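Worksheet: one structure, shown below.
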Amino acid sequence: MLVLENILLALNGLRANKTRSILTMLGIIIGIASVITIMTIGNSITSSVTNQMNSMGAANITLGVQQKSSGVEEDARGMSFRRGPQRDEMRDEDYITGEMVDDLLTVMDDELDVALRSHDLGNGSITDKNNKGSVNVSGVNNDFIKNENLEMVAGRIFTGKDQKEARKVAVVSDKLISDVFKIDNEEALGKQITVVIENQYKHYTIVGVYHYDTSKEVYSFSSDRATNMYVPLLTAFHEHHTKERYRDLEITVQDTSKADDTIKEIERYLNGRYFRNNESFEVVGFSMASMIQSYTEMMGTLSIAISVIAGISLLVGGIGVMNIMLVSIQERTREIGTRKALGATNSSIRMQFIVEAIVLCIVGGLIGIVIGLIAGYVATPIIDEEATFYAPINGILMSVGFSVAVGVFFGYYPANKAAKMNPIDALRYE
Amino acid sequence: MEPIVDARKIYKRYYIGQPNELEILHGVDIKVYPGEFVAIVGASGSGKSTLMNILGVLDKPTEGEYFLDGVDVSNSDDSELSAIRNKKIGFVFQTYNLISRQSALKNVELPMLYAGMSGRARARRAKELMAMVGMEDRMDHNPDELSGGQKQRVAIARAMGNNPAMILADEPTGALDTKTGRLVMDIFHRLNEEHGKTIILITHSPELAEETQRILTLSDGVIIGEREGKGHAGA
Ligand SMILES: Nc1ncnc2c1ncn2[C@@H]1O[C@H](COP(=O)(O)OP(=O)(O)OP(=O)(O)O)[C@@H](O)[C@H]1O
Ligand SMILES: [Mg+2]
């Protein structure tokens, strides 16, 4: 009851002393506005950057075999010497083998999730009667297929036996089925198809059909776009008469935010164990997540800097509030005396002035929030065109909380001074 | 009948223990009975206001006993004194002391607010009191939009907020012309006669003092005379 009256009274007072109130609130307005601006920009851009990077597979690390960058190396005595001539062409021993991947996954079990193993067989065509369709054929493990997030409309993905025995089975798109065979997806299951890749005829049995999502096409000029056709991983290697080996492959990690460290560890392990004596090639890792990591770290540093600035202006603003409260209490000494004569207790006087300080701070905080949101809204598209405006809810709640805290902290001393005034001294004050 | 005010041997000193120690009240005895209308007169600086503030528990005597409504208030703490001022006493000041940023009605509500009365009950009673002092058409005005006499009427309505037993008025007509003073004085008579309020009035006007039931004369911190006024039942 008393609190509500006090809030109304304080708002009245704000209105009566507009200029003075605004000047007093300036520190708080600037502090909160700068935090909200930065948080709005940060949040908006971060969400757009993360979205972009995630759509590019941010959770994955790409490992690749690369030619060593320089032939110059230092020996133990610090003397530099030139290595022997480097090979450009990769030989069998330069690839990352399936065993290496297995080994890596066991050794770094805590950091790594799964390897998305695939082997490309190239572009092929499938003909039935007068209809022709083209496919990109690749051998994949089941982790790879799961990572593609395919929507299966008929049949299944590969079984363990399909994989282990390198069976000649395939998963194709519903677009291929309807374009070429013109039958139902269910009817396609078990159907023998012949794919022509580089003039070689290869036969597979369809075991699954997935839904081809046209909305995910980046560009589509023609209706006979190639869709993906999947076969078991070993099947693909067998077609090329090689063992399981990779020039590059993707591995998913447990914790995206540590991708940078994980990459370093993988490089150290593989290069140390398997590529130590390889003069020409080494394993190099790359990840979108590491970009996110450094971006996040940068935003973190920026946030700390801004928080410090905000903290200082809130402190200055708080001192301003305390100062104006002391002045106001001085001016209203007779009012305080009168209130006490009418029966106000010390604690109700104290509350009146603390509420007044809090109201001052909250109004300042709200003005700061509005200014910050507007500034953020205006600045975000200037910094990143693709970013969408995203109001920092946590920041707003925190700002209101901080305003209240500043009001209580800096309002307490003046309010207590008012509460402790001797009623008769206050009444006689000129 | 038990006196509502029973102050014995009241001393008030300032600058105690310092070379310029000053004794303003030299052992004043005063008794006021419920329903009485008493005037305190005396030269400026004689200690009238000092005594009144002690009777209104705004100030504490340096020495002496004070029983208010039968209760010894000498040892009451701040919050007990606040409650006494809130419930038992209504103050009317020479300078009105209305709170400037609040409407007349809100001013009248103040004692009720501190008594914890609900908003609706406050507003209803405040309107009645404003009507009683003839200010019902100025309720939403701020104090700075009122004349001195109007302000004092609002202040009297405010003093009546929690229906206290006693009204203490320190020169309530001091800043008003005779005609307006008359109007205010009539209100005090009504409060005394119709509502049975005990009233202690400080005034420099012999005529107004004469209208009360009993007149106490204070001189240099001592009560030097006590006589009946025209308002006394027997007069
Ligand atoms: N806080 C104080 N400190 C020192 N002296 C004080 C204080 N308050 C009052 N006095 C002194 O007490 C004396 C009595 O003051 P008081 O206000 O009671 O006089 P009064 O009879 O009400 O006079 P008036 O008719 O002019 O209002 C004065 O001399 C005044 O200077
Ligand atoms: Mg006086």
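Values in this document were obtained by computation on a predicted structure and should not be read as measured data. Chain identifiers are assigned alphabetically (A, B, ...) following the order of the sequence lines, protein sequences preceding nucleic acid strands; residue numbering begins at 1 within each chain.
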Under 4.5 Å from a heavy atom of chain A, the part of B:N97 involved: both
Of the backbone (N, CA, C, O) and the side chain (C-beta and beyond), which part of A:T345 lies under 4.5 Å from a heavy atom of chain B, both, or neither? both
Between A:A341 and B:F93 the two heavy atoms that sit nearest each other are CB-CZ, 3.9 Å
To check you understand the geometry: which heavy-atom pair defines the closest contact between B:R101 and A:G13, and what is its length? NH1-CA, 3.5 Å
For A:A344 and B:S82, the nearest pair of non-hydrogen atoms, with its separation, is O-OG, 3.4 Å
If you draw a 6.0 Å radius around OH in A:Y377, do more than 12 non-hydrogen atoms from other residues or ligands fall strictly inside? no
So what's closer than 4.5 Å to chain A heavy atoms on B:K87: side chain, backbone, both or neither? neither
Closest heavy-atom contact between B:Y114 and A:G343? CB-O, 3.8 Å
A:L8 portion near chain B, given a 4.5 angstrom heavy-atom threshold: neither
Surrounding OH of B:Y11 (heavy atoms of other residues, nucleotides or ligands, distance under 6.0 Å), is the total greater than 12? yes
What closest approach, in Å, do B:L58 and A:N422 show between heavy atoms, and which atom pair accounts for it? O-OD1, 4.1 Å
Greatest number of heavy atom pairs closer than 4.5 Å to chain B - which of A:R339, A:R332, A:R334, A:E335: A:R339
